[in-house]
Number of protein chains: 2
Amino acid sequence: MFICNFFKIVLFRVRLRDQRIHPYSPNKLILKTQIPDCLNCPNTSCLIQQCTSEGKTLAGKRKINYLIPKDQHVFREGSLVLGAYFVFKGKIKVVSSNLHNKEQTVRLAGDGHILGHMTLDKECYPIGAVAMEDTKVCFLDNQTFFQLINENHGFAYKVIRFYSKELRKSELRNRSFSQMSTFEKIIFAFLYLCSTFFPNEEKCVEIDFPRAEIAAIAGTNSEQVSRGITSLKEKGFFESEGQKIIIRDVDALKKLLIPYLSWEILE
Amino acid sequence: MFICNFFKIVLFRVRLRDQRIHPYSPNKLILKTQIPDCLNCPNTSCLIQQCTSEGKTLAGKRKINYLIPKDQHVFREGSLVLGAYFVFKGKIKVVSSNLHNKEQTVRLAGDGHILGHMTLDKECYPIGAVAMEDTKVCFLDNQTFFQLINENHGFAYKVIRFYSKELRKSELRNRSFSQMSTFEKIIFAFLYLCSTFFPNEEKCVEIDFPRAEIAAIAGTNSEQVSRGITSLKEKGFFESEGQKIIIRDVDALKKLLIPYLSWEILE
DNA sequence: CCCAAAATCTGCAAAAATGCAGAACCTGTC
DNA sequence: GACAGGTTCTGCATTTTTGCAGATTTTGGG
């Protein structure tokens, strides 16, 4: 057992080091793709839209567009991240594993969200990002990002607001993990999915993810998610169509978590 | 029970609304205090030090200094935050409660850290901040903060890096909450305390907080913390002097959590 | 439409965490 | 140095969560 763990650790370290050496060895499954340049981008929620025309022109020239197929990594745990990814269209989960190979989804990112982090020094975090469906992203290297911040105050301000807001959301999720029952955490996971991936849909949302995916967001296992879904179906909050779940009234679901009152944040 | 909850909710809402109306009704226990202006500030970890001389002069002129006594709020849950607090010297916890009156510590902030968030619109989060010992903070209103970002690129960049880093730390704490056993979470809480409040001490750290305080960080209760401490004393990781705990070798403690490998982050 | 593979659901026993209550221990004051 | 008030520790019964295993349902390919 101890020896087994030791090997796992060594392997993990090697994996990390490999990725330090080849941080962007191109994944053959990740394809460059066509996305409009920033001046003509239809994605109004992208923060680059806060830049001046010159800024957008620069960003459009420098950015690299990728199509990340479903279940492929945008970047891997332990790799150096040399810039930021802006989600053009799609669904991304930010994940973190431990050596027992249990994966926790620590953040969800939808259209217009930023992934990756800004570093000057060689930082290296055990966090990765995976596409939950075919997703188009725009990559900006750190240098260009820095230049955009220098020359576009509105952009810099919005980026700070974005991170500050995500930090607060993450802090509330922290509270959820430590105070909620498993059943409540499952409801919370569904609401988080709704607010991130369907920010505009008012009442009725369809969710079609494997139970294990939802479990990784809620911080439990797929059996509990199953039990939770069954219970919510019995109570009339969910309907199902095959393995897909239909939430007819998201607000009713929110009311189940009133003691945790964090709805301001789930805009 | 239901009615009781209903009243609690109403009261909570009223509390929130009151604080919206009087976001800065001065707490009599919070005193303005003497802190050097930013040009002569000895706190090198403060991000305002990244500004130009003009920026520092402006910040020094506009900032308000407070001495927050132990156990007093810097700001309360639900209140409007109209600017940012920079910790000059002391220890702050960022907390979030639920209606069952259970409080979770979602972040720790030591010297040089930033609290509060930047908002243009009237946002309102169920998050508060409390001094864990007498603490001096500098308050900058949003307008000045915005001006500093406009005119000091290095500052803007560092602020983005700060939030991005805190977000990542928070995400790792999320993983900890959902994957660690209670015992591991307690160890993690001690390490988080060490890395935030004693960033420079190499091996030996003294921690003197009530068990309930540590429980709120770890996401458990004080009984479990007690049991955890006893166990760690038996194993030789902790010594005690009255109710104070002495960790002779922080690195040895870290090794207990190797499967979660997040030490890069606990700088 | 049928079938095999995959995913989901559910009952149950084992494990972990919780909360209570009383004992032991610390702290500061007189 | 004794004492009161507070904090911490620990044993125990209860509750919650977990993980397994087998039953059931769904999915996608022919």
Side-chain angles (χ1 to χ4, degrees), chain A residues 1 70-71 98 100-104 132-133 175-190 193 206-235 237-247 259, chain B residues 1 70-71 98 100-104 132-133 175-190 193 206-235 237-247 259:
Chain A
M1 181 56 197
K70 190 177 177 196
D71 295 327
N98 63 10
H100 313 310
N101 287 320
K102 217 176 147 185
E103 199 171 82
Q104 170 68 25
M132 296 173 80
E133 62 178 33
R175 180 188 62 166
S176 304
F177 280 127
S178 67
Q179 293 186 342
M180 286 181 182
S181 69
T182 299
F183 182 62
E184 290 170 323
K185 284 192 274 186
I186 291 163
I187 298 172
F188 191 72
F190 275 104
L193 277 166
E206 295 190 1
I207 290 181
D208 191 10
F209 288 121
R211 303 298 179 253
E213 191 81 84
I214 293 157
I217 300 166
T220 180
N221 54 32
S222 55
E223 292 94 330
Q224 302 287 27
V225 172
S226 233
R227 284 183 249 264
I229 289 172
T230 305
S231 163
L232 286 165
K233 276 199 280 195
E234 279 165 9
K235 289 177 183 152
F237 291 99
F238 284 3
E239 289 168 40
S240 63
E241 208 170 82
Q243 298 179 341
K244 185 169 68 182
I245 283 156
I246 299 156
I247 307 174
Chain B
M1 180 58 197
K70 191 178 175 194
D71 295 328
N98 63 10
H100 312 310
N101 288 320
K102 218 179 147 186
E103 200 171 82
Q104 170 69 24
M132 296 172 81
E133 64 179 30
R175 180 189 61 167
S176 304
F177 281 126
S178 66
Q179 293 187 340
M180 286 181 182
S181 69
T182 298
F183 182 62
E184 289 169 324
K185 284 192 275 186
I186 291 163
I187 298 171
F188 190 72
F190 276 103
L193 277 166
E206 295 189 0
I207 289 180
D208 191 10
F209 288 121
R211 305 294 180 255
E213 192 80 86
I214 293 157
I217 300 166
T220 179
N221 53 33
S222 54
E223 291 94 329
Q224 302 288 24
V225 172
S226 234
R227 285 182 248 265
I229 290 172
T230 305
S231 162
L232 287 164
K233 278 200 280 196
E234 279 165 8
K235 290 178 184 153
F237 291 99
F238 285 3
E239 288 167 40
S240 63
E241 207 171 84
Q243 297 179 341
K244 186 168 68 182
I245 283 157
I246 298 155
I247 308 174

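Below, chain A is the first sequence line, B the second, and so on; all start at residue 1. The figures that follow rest on heavy atoms only: side chains count, while hydrogens, waters and symmetry mates do not. The structure displayed is predicted, hence computed values, not measured ones.
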Visitor: Does a side-chain heavy-atom distance below 4.5 Å link A:I186 with A:M180?
Guide: no
Visitor: Tell me whether A:S231 contacts the main-chain N or O of A:R227 through its side chain, where contact means a donor paired with an acceptor under 3.5 Å.
Guide: no
Visitor: Could you tell me whether A:T220 contacts a base, only the sugar-phosphate backbone, or nothing, with contacts defined as non-hydrogen atoms closer than 4.0 Å?
Guide: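 Since only primed, P, OP1 and OP2 atoms lie under 4.0 Å of A:T220, the category is sugar-phosphate.
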Visitor: Which of the following nucleotides, C:dT18, C:dC9, C:dC20, is nearest to the side chain of B:N221?
Guide: C:dT18
Visitor: In whole angstroms, how far is the P atom of C:dA16 from the CD1 atom of B:I186?
Guide: 14 Å
Visitor: Tell me: NZ of A:K185 to C1' of C:dA17, nearest whole Å?
Guide: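 Nearest whole value for this atom pair: 12 Å.
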Visitor: What are the bounds, 5' to 3', of the part of DNA chain D that sits under 4.0 Å from heavy atoms of chain A?
Guide: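 Listed 5' to 3', the contact boundaries are D:dT17 to D:dT27.
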Visitor: Categorize A:S226 for me: base, sugar-phosphate, or nothing, with a 4.0 angstrom heavy-atom threshold over every strand shown.
Guide: base
Visitor: Rounding to a whole Å, what distance do you find between B:R211:CZ and C:dG19:P?
Guide: 19 Å
Visitor: Any chance you could measure A:D208, atom CG, to A:E133, atom CD, to the nearest 0.5 Å?
Guide: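 Spacing of CG (A:D208) from CD (A:E133) equals 11.0 Å.
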Visitor: Between B:Q104 and A:S178, is there a donor-acceptor pair closer than 3.5 Å when you use the side chain of the first and the backbone of the second?
Guide: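 The answer is no, because no donor-acceptor pair under 3.5 Å joins these two groups.
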Visitor: Is the shortest side-chain heavy-atom distance between A:I247 and A:F238 below 4.5 Å?
Guide: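 Yes; the side chains approach each other to less than 4.5 Å.
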Visitor: How close do A:K185 and A:G219 get, counting heavy atoms only, and between which atoms?
Guide: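 Smallest interatomic distance, heavy atoms only, reads NZ-O, 4.0 Å.
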Visitor: Taking five pairs at each end, how big is the angle between the two axes of the helix from C:dC1-D:dG30 to C:dC30-D:dG1, to 10°?
Guide: 50°
Visitor: Run the side chain to side chain contact (heavy atoms under 4.5 Å, CB included) test on B:F237 and B:I187 for me, step by step, so that the C-alpha distance in whole Å, both residues' side-chain angles and the decisive distance to 0.1 Å come before the verdict.
Guide: CA-CA 10 Å; B:F237 291 99; B:I187 298 171; over 6 Å; no
Visitor: If we ignore hydrogens and angles and just use 3.5 Å, is the side chain of B:E213 paired with the main-chain N or O of B:P210 as donor and acceptor?
Guide: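 Such a contact is absent between B:E213 side chain and B:P210 backbone.
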Visitor: C:dC9 phosphate, OP1 or OP2: any side-chain N/O from A:R227 under 4.0 angstrom?
Guide: no
Visitor: Reckon A:S181 touches a base, only the sugar-phosphate, or nothing at all at heavy-atom distances under 4.0 Å?
Guide: sugar-phosphate
Visitor: If you count the non-hydrogen atoms of other residues, nucleotides and ligands that lie under 6.0 Å from NZ in B:K102, is the total more than 12?
Guide: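 Atom NZ in B:K102 is crowded, with more than 12 foreign heavy atoms closer than 6.0 Å.
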Visitor: Could you measure the distance from the CD1 atom of B:I217 to the CE atom of B:M132? Nearest 0.5 Å is fine.
Guide: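 If I round to the nearest 0.5 Å, the distance is 4.5 Å.
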Visitor: Using whole Å, report how far CD1 of A:I229 lies from P of C:dT10.
Guide: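 Going from CD1 in A:I229 over to P in C:dT10 covers 11 Å.
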Visitor: What's touching nucleotides 24-27 of chain C from the protein side, N or O pairs under 3.5 Å?
Guide:
none

Visitor: Could you measure the distance from the CD1 atom of B:I207 to the CD atom of B:Q243? Nearest 0.5 Å is fine.
Guide: 14.5 Å
Visitor: When the distance from CD of B:Q224 to P of C:dT18 is rounded to whole Å, what number comes out?
Guide: 5 Å
Visitor: In whole angstrom, what separates A:E223's CD from C:dA14's C1'?
Guide: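 These atoms are roughly 14 Å apart.
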